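Shown next, in structure tokens, is the structure this report addresses.
This chain uses plain numbering: 1 for the first residue, then up along the sequence. From a predicted model like this one, the values you see are computed outputs, not experimental measurements. In each ligand, atom 1 is the first atom listed, and ligand 1 is the first ligand listed.
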Amino acid sequence: MAKLYELPPLKYAFNALEPAIDAMTMEIHHDKHHGAYVNNLNKALENYPDWQGRPIDALLKSINEVPEAIRTAVRNNGGGHANHTLFWDWLMPGGSKAPSGNLEREIVSVFNSVDAFQKTFSDAATGRFGSGWAWLVLGQNNKLQVYSTANQDSPSMEGNKPILGLDVWEHAYYLKYQNRRADYIQAFWTVVNWDVVDKLFKASR
Ligand code: MN3
């Protein structure tokens, strides 16, 4: 019996992030979009037992060795599963206090200030043409970096460790914000769970 990937339950109510992110967007985004990535990933791996049951990050790290027939499906749906699993945990009702300690020091040393970091990250999110994600990652050089990826590409595919990410696909904001992606990005900062960001930063070093 194949070990299947599963849709993790949200740890807060669909309406808990309002007014930053509305309940209907959260429900469709989690249940339908993320749900579909999980189902399609399982379907892609159905006839490839050697590739089943791996931790999702390990699967994505090996994306270039995945059989060509299913590589695109694993890239899109495996990336979608990994990215969204992290994304729900990067959010919390009301947000939490800005970064402190080592994470704050590292952000300041790379970006000059937390505000400047947030601007760099927001610019990456605004500037991503079409669908994709903005990221703060710990690179293989052990340095924090901000960039964006297209579609569901995950930093894990290039051996970088995601510390914070923002989904800028239209499905993440269109019901409430329509074409105003910048307003969605601004609202995102009010619901960031910095404790989770800090935990990932510590674990990635
Ligand atoms: Mn999404």
Side-chain angles (χ1 to χ4, degrees), residues 4-45 55-57 59-60 63 71-93 95 118 121-137 146-158 160-193 196-197 200:
L4 298 176
Y5 293 99
E6 285 174 18
L7 178 65
L10 260 196
K11 293 171 184 154
Y12 40 81
F14 292 127
N15 66 0
L17 303 177
E18 290 187 350
I21 306 178
D22 63 285
M24 188 178 281
T25 295
M26 287 301 292
E27 181 169 359
I28 296 172
H29 198 178
H30 177 272
D31 290 5
K32 306 293 182 193
H33 289 274
H34 190 175
Y37 295 128
V38 171
N39 291 338
N40 290 331
L41 176 60
N42 287 329
K43 214 178 291 165
L45 296 175
I56 189 66
D57 286 351
L59 178 66
L60 297 180
I63 190 67
R71 195 178 302 152
T72 300
V74 170
R75 185 180 196 100
N76 291 339
N77 295 292
H81 177 41
N83 293 343
H84 288 84
T85 298
L86 287 166
F87 186 55
W88 312 128
D89 281 352
W90 277 318
L91 306 174
M92 67 176 285
Q118 289 188 329
F121 184 101
S122 295
D123 287 350
T126 310
R128 164 52 48 191
F129 186 77
S131 297
W133 291 72
W135 299 104
L136 172 68
V137 305
V146 165
Y147 59 87
S148 72
T149 59
N151 304 317
Q152 293 297 350
D153 284 0
S154 154
S156 301
M157 292 170 184
E158 339 167 67
N160 294 329
K161 292 171 182 149
I163 307 293
L164 177 64
L166 174 58
D167 188 344
V168 292
W169 282 57
E170 284 186 346
H171 69 223
Y173 63 86
Y174 207 84
L175 289 179
K176 180 177 166 87
Y177 294 97
Q178 294 85 46
N179 61 320
R180 291 172 285 116
R181 186 192 284 188
D183 290 354
Y184 159 70
I185 294 166
Q186 204 175 350
F188 160 74
W189 293 115
T190 68
V191 289
V192 171
N193 188 337
V196 169
V197 179
L200 287 168

- Give every protein N, O or S atom lying under 2.8 Å from the Mn ion (ligand 1), naming each by residue and atom. His29 NE2, His84 NE2, Asp167 OD2, His171 NE2
- Query: With no hydrogens and no angle check, do the side chains of His33 and Trp169 hold a donor and an acceptor under 3.5 Å apart?
  - Reply: no
- Query: Counting N and O atoms only, with roles assigned by atom type, does the side chain of Tyr12 sit under 3.5 Å from a partner on the main chain of Trp88, one being a donor and the other an acceptor?
  - Reply: yes
- Are the side chain of Asn42 and the backbone of Leu4 linked by a donor-acceptor contact shorter than 3.5 Å? no
- Aromatic ring proximity, centroids under 6.0 angstrom, Trp90 and Phe188: no
- Task: Would you check if there is a donor-acceptor pair between the side chains of Asn83 and Tyr37 at a distance under 3.5 Å?
- Result: no
- Message: To the nearest 0.5 Å, what is the distance between CG on Asn39 and CG on Leu7?
- Response: 8.5 Å
